Protein chains: 2
Amino acid sequence: MNNKPTIHDIAKALGINSSTVSRALNDSPRVTQKTKNKILAMAQELGYQRNVLASNLRKNVTHTIGVIVPRISRHFFSSAIQGIEETAYAAGYNVIICQSLEQLEREQSIVNGLVEKRVDGLLISISMETLNYDHLDLVAKNKIPLVFFDRHCNIPNYSSVIIDDFKGGFEATEHLIKQGCKHIAHFSGPKNLEIYKNRLAGYKAALKKHKLTFNESYVITSRLMEDDGYANMKVLIDKNIEIDAVFSANDMAAIGAIKFLKQQKIAIPEDIAIVGFSNEPISTAIEPSLTTIDQSGLTIGKTATNLLLNYIEEKSIPEKGKTVIIDTSLLERNSSKKE
Amino acid sequence: MNNKPTIHDIAKALGINSSTVSRALNDSPRVTQKTKNKILAMAQELGYQRNVLASNLRKNVTHTIGVIVPRISRHFFSSAIQGIEETAYAAGYNVIICQSLEQLEREQSIVNGLVEKRVDGLLISISMETLNYDHLDLVAKNKIPLVFFDRHCNIPNYSSVIIDDFKGGFEATEHLIKQGCKHIAHFSGPKNLEIYKNRLAGYKAALKKHKLTFNESYVITSRLMEDDGYANMKVLIDKNIEIDAVFSANDMAAIGAIKFLKQQKIAIPEDIAIVGFSNEPISTAIEPSLTTIDQSGLTIGKTATNLLLNYIEEKSIPEKGKTVIIDTSLLERNSSKKE
DNA sequence: CTGTTAGCGCTTTCAG
DNA sequence: CTGAAAGCGCTAACAG
């Protein structure tokens, strides 16, 4: 009994036609309840299981959405994926997860593979290397709905779900200013990513509002890994640059900075306050000097998936992309000089 | 041009038969290089893309493996998933991720769905509620290879990949003893999970070896969420139970405990040392009192996937399950009274 | 309400 | 080396 029973087997066993069986199993109103019952009973008896592959081929759908993130284990992304999975599951969709590992080439090959697999939709947070969007043409050509989340790109006709990075950067910086900080460094990320541009813009705007001069040498751009944060902090200290706070554009770099300061016995936040644009509740639980935007990953994931599912089920890709900006109430936990 | 080109289109355009096209696209040796070239060129020209759905149906494979974890955003699982994805991707497989959210019912329905989707293999870390394994019969009946990772269960004929929990528990406890701790509490997890039984056994063995009496009231069993750790710690303190250390069976509960102690201004590790069985490098970066087993998630994920791929590609599910125990060198970072 | 028929797009015998 | 034909298991017209 290697061969799984098919609808034909159950049809034959009942002396009826397989299309009736198909209809019954899909709970079509065009079958008597009586025959439905018979069919269901027989299906049960034979241990029948629908072959989703065949069904999908016929219907030309997969009930699967592809997700591409730079790296699954980054907390922001794993919580986004959690939100995606929950929303997708509730709607009867599965989720295929792929990671670009920040490599454009890998991202391209993944997109290609997912299109071949005929995913019903695509959710992408682009890699740091992605400056070229040719691989997305394939997606458009195949009319596969696509929604960017978090790391979007500034091209029209695509939808994105992001948090309000400008406001976040503004509030984080203003928060430090209100604590009395006057010399605030900023760790920024690659400029091809809108999110980092916007966080930087928010930082600048806050300085301006509070009449603090913007100092070019206070902004250090890196890939924002933990080691980068450590190195950035070291540079500032070694060069004796006078700072009393750092606004880091992500959590990893903030953690690196904290690590360095702890080693140097520099007090946080008394000597130098740190705010990391972050979504790492565990870290903040044990180190309150880290700022988190709690739940932002989850919320972005859910929102992006809902938007995507709309496109998929309406079968209408909107002419113009839509950008959903999630106004997260920032600074749930604060780095504070007064604490 | 809504309809994607098929092999028939490219056959027709070339005046040849579609089976030749199929062979050429699969790089069969039974086609001339010359015709292959012609076919490849035409495929390119028409923008042909293989319909993997159809191919899979025909070949009765999916090149997809299903992964079930309790919760994606838990760092241990997200790093395991990262390892799974990397290994699977390298072998040409995709990964469908599902979360049980610790609910048996959900786990059952997910297993069912993945079997219907005809995944080629299954990687499962069971939920805390899973005391009943009937839903796995379906997997066996369909001859779908299955490998448990981390949270396995004690039933024969299934393979598992785990870390050496007994040794880990032993070493963590012994480490505390060597620091001079004599009253070590243990936060344990649900007893249906082997991992928690084994960590507890390791704890007991270490006490025994060092001639410390095992005290039943030092062991607190919970679901090991952050709040549980907080509450457990509070109970110990409120009841004035004399302890100088805690070995927590996971990181979350350890973090909750640390949080409580910090609020109470109880010094870590001077007053109470904490070791959490953990895989959360970010937390340990900023709080060295937490112990981590770094990379264990990644390693388990990769190892489990390799084992599963073996089963899939050999098409042979071994008669008897195999348990791979990863001997992680523990205690990369330590909680130490001397530090 | 049920049956007949024709595919979805691909792979794979079996012939030639 | 290439072609013809059958069919993976299911669904969806179209009849009746």
Side-chain angles (χ1 to χ4, degrees), chain A residues 1-40 42-43 46-64 113 115-120 142-143, chain B residues 1-40 42-43 46-64 113 115-120 142-143:
Chain A
M1 136 123 210
N2 202 348
N3 311 20
K4 299 200 59 163
T6 71
I7 51 172
H8 300 294
D9 296 325
I10 110 170
K12 207 172 293 170
L14 256 40
I16 58 176
N17 192 279
S18 59
S19 52
T20 306
V21 176
S22 172
R23 282 191 277 259
L25 295 174
N26 287 301
D27 205 24
S28 156
R30 306 185 348 189
V31 182
T32 333
Q33 191 58 48
K34 215 167 100 188
T35 43
K36 265 186 199 171
N37 290 342
K38 268 199 313 192
I39 290 169
L40 257 20
M42 182 56 75
L46 297 179
Y48 170 81
Q49 275 209 310
R50 172 204 307 264
N51 186 326
V52 179
L53 247 55
S55 168
N56 285 349
L57 170 61
R58 186 59 230 252
K59 295 195 289 188
N60 201 32
V61 294
T62 52
H63 283 285
T64 300
V115 172
E116 276 190 339
K117 270 225 162 165
R118 300 291 195 273
V119 292
D120 291 342
N142 283 281
K143 304 205 164 86
Chain B
M1 134 126 211
N2 203 349
N3 310 19
K4 299 199 57 161
T6 72
I7 51 171
H8 301 293
D9 296 323
I10 109 169
K12 207 173 292 169
L14 255 38
I16 58 177
N17 191 281
S18 59
S19 51
T20 306
V21 176
S22 172
R23 281 191 276 260
L25 294 173
N26 287 300
D27 205 25
S28 156
R30 307 184 349 188
V31 181
T32 334
Q33 191 58 48
K34 216 168 97 186
T35 43
K36 264 187 200 170
N37 290 343
K38 268 199 314 193
I39 289 170
L40 256 21
M42 181 56 76
L46 296 180
Y48 170 79
Q49 274 210 312
R50 173 204 306 266
N51 186 326
V52 179
L53 246 56
S55 168
N56 285 350
L57 171 60
R58 186 59 230 254
K59 295 196 290 188
N60 201 33
V61 294
T62 52
H63 284 284
T64 300
V115 172
E116 276 190 340
K117 271 224 162 167
R118 300 291 195 274
V119 291
D120 291 343
N142 283 280
K143 303 204 164 85

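No hydrogens, no waters, no symmetry mates; every other heavy atom, side chains included, goes into these values. Nothing here was measured: the structure is a model prediction, and the numbers come from that model. Below, read A as the first sequence line, B as the second, and so on, with proteins coming before strands; counting in each chain starts at 1.
- One interatomic measurement links the two molecules: NE2 of B:His8 to C1' of D:dA4, which rounds to 12 Å at whole-angstrom precision.
- The CG-P distance, from A:Asn60 to D:dA12, rounds to 11 Å in whole Å.
- In this structure, A:Ile39 and A:Arg23 have side chains that are not in contact, with every pair of non-hydrogen atoms separated by 4.5 Å or more.
- Nearest heavy-atom pair across B:Ala24 and B:Val31 is N-CG2, 4.0 Å.
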- Message: Using side chain to side chain contact (heavy atoms under 4.5 Å, CB included), reason through B:Asn56 and A:Leu57 one step at a time and then give a plain yes or no.
- Response: CA-CA 9 Å; B:Asn56 285 350; A:Leu57 170 61; over 6 Å; no
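- Dashed line: the shortest gap from a side-chain N or O of A:Ser55 to OP1 or OP2 of D:dG9 is not under 4.0 Å.
- End-to-end axis angle of the helix from C:dC1-D:dG16 to C:dG16-D:dC1, from C1' rotation axes over five pairs per end: 40° (rounded to 10 degrees).
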- Task: Starting from the C-alpha separation in whole Å, work towards a yes-or-no answer on side chain to side chain contact (heavy atoms under 4.5 Å, CB included) for B:Gln49 and A:Val115.
- Result: CA-CA 9 Å; B:Gln49 274 210 312; A:Val115 172; 3.1 Å; yes
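- You'll find that the side chain of B:Arg58 is closest to D:dC8, out of D:dA4, D:dC10, D:dC8.
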- Query: Yes or no on side chain to side chain donor-acceptor pair (under 3.5 Å) for A:Ser19 and A:Asn17, after CA distance, side-chain angles and deciding distance?
  - Reply: CA-CA 6 Å; A:Ser19 52; A:Asn17 192 279; 2.8 Å; yes
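- Residue B:Ile16 contributes atom CD1, which lies 17 Å from atom P of D:dA5 at whole-angstrom precision.
- Taking atom CG on A:Asn26 and atom P on D:dC10, their separation rounds to 10 Å, with Å as the unit.
- When DNA chain C is scanned 5' to 3' for any atom under 4.0 Å from a heavy atom of chain A, the first and last hits are C:dC1 to C:dC8.
- Shown here for B:Leu25 and B:Tyr48, the closest heavy-atom pair between the two residues is CD1-CE2, 3.5 Å.
- Atom CD1 in A:Ile7 sits roughly 12 Å away from atom P in D:dC8 (whole-Å rounding).
- Residues forming a side-chain hydrogen bond (donor to acceptor under 3.5 Å, both in side chains) with B:Thr64 (at least two apart in sequence, or on another chain): A:Lys117.
- Checking D:dT11, D:dG9, D:dT2 against the side-chain heavy atoms of B:Val31 singles out D:dT2 as nearest.
- Rounded to whole angstrom, the span from the NZ atom of B:Lys117 across to the C1' atom of D:dC10 amounts to 16 Å.
- A search for salt bridge (Lys or Arg N to Asp or Glu O under 4.0 Å) contacts involving A:Lys36 returns A:Asp27, not counting sequence neighbours.
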What N/O pairs connect the protein and nucleotides 13-16 of chain D at under 3.5 Å? Give each pair on its own line.
{"residue": "D:dA13", "atom": "N6", "partner": "A:Arg23", "partner atom": "NH1", "Å": "3.3"}

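- Using a 4.5 Å heavy-atom threshold, the side chains of B:Asn51 and B:Thr6 count as separate.
- When rounded to the nearest whole Å, the span between CZ of A:Arg50 and P of D:dC8 equals 18 Å.
- Across all strands shown, B:Leu53 has no heavy atoms under 4.0 Å from either base or sugar-phosphate atoms.
- Nearest-nucleotide positions on DNA chain D for B:Thr35 and B:Ala54 put B:Thr35 closer to the 5' end.
- Applying the side-chain hydrogen bond (donor to acceptor under 3.5 Å, both in side chains) rule to B:Ser22 yields no partners; only residues at least two apart in sequence or on another chain are considered.
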- Message: Show, in sequence, the C-alpha distance, side-chain angles and deciding distance for B:Val52 and A:Arg118, and conclude whether the side chain to side chain contact (heavy atoms under 4.5 Å, CB included) test is met.
- Response: CA-CA 7 Å; B:Val52 179; A:Arg118 300 291 195 273; 6.0 Å; no
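- Atom-to-atom, CG of A:Asn56 to C1' of D:dT11 comes out at 12 Å; the value is rounded to the nearest Å.
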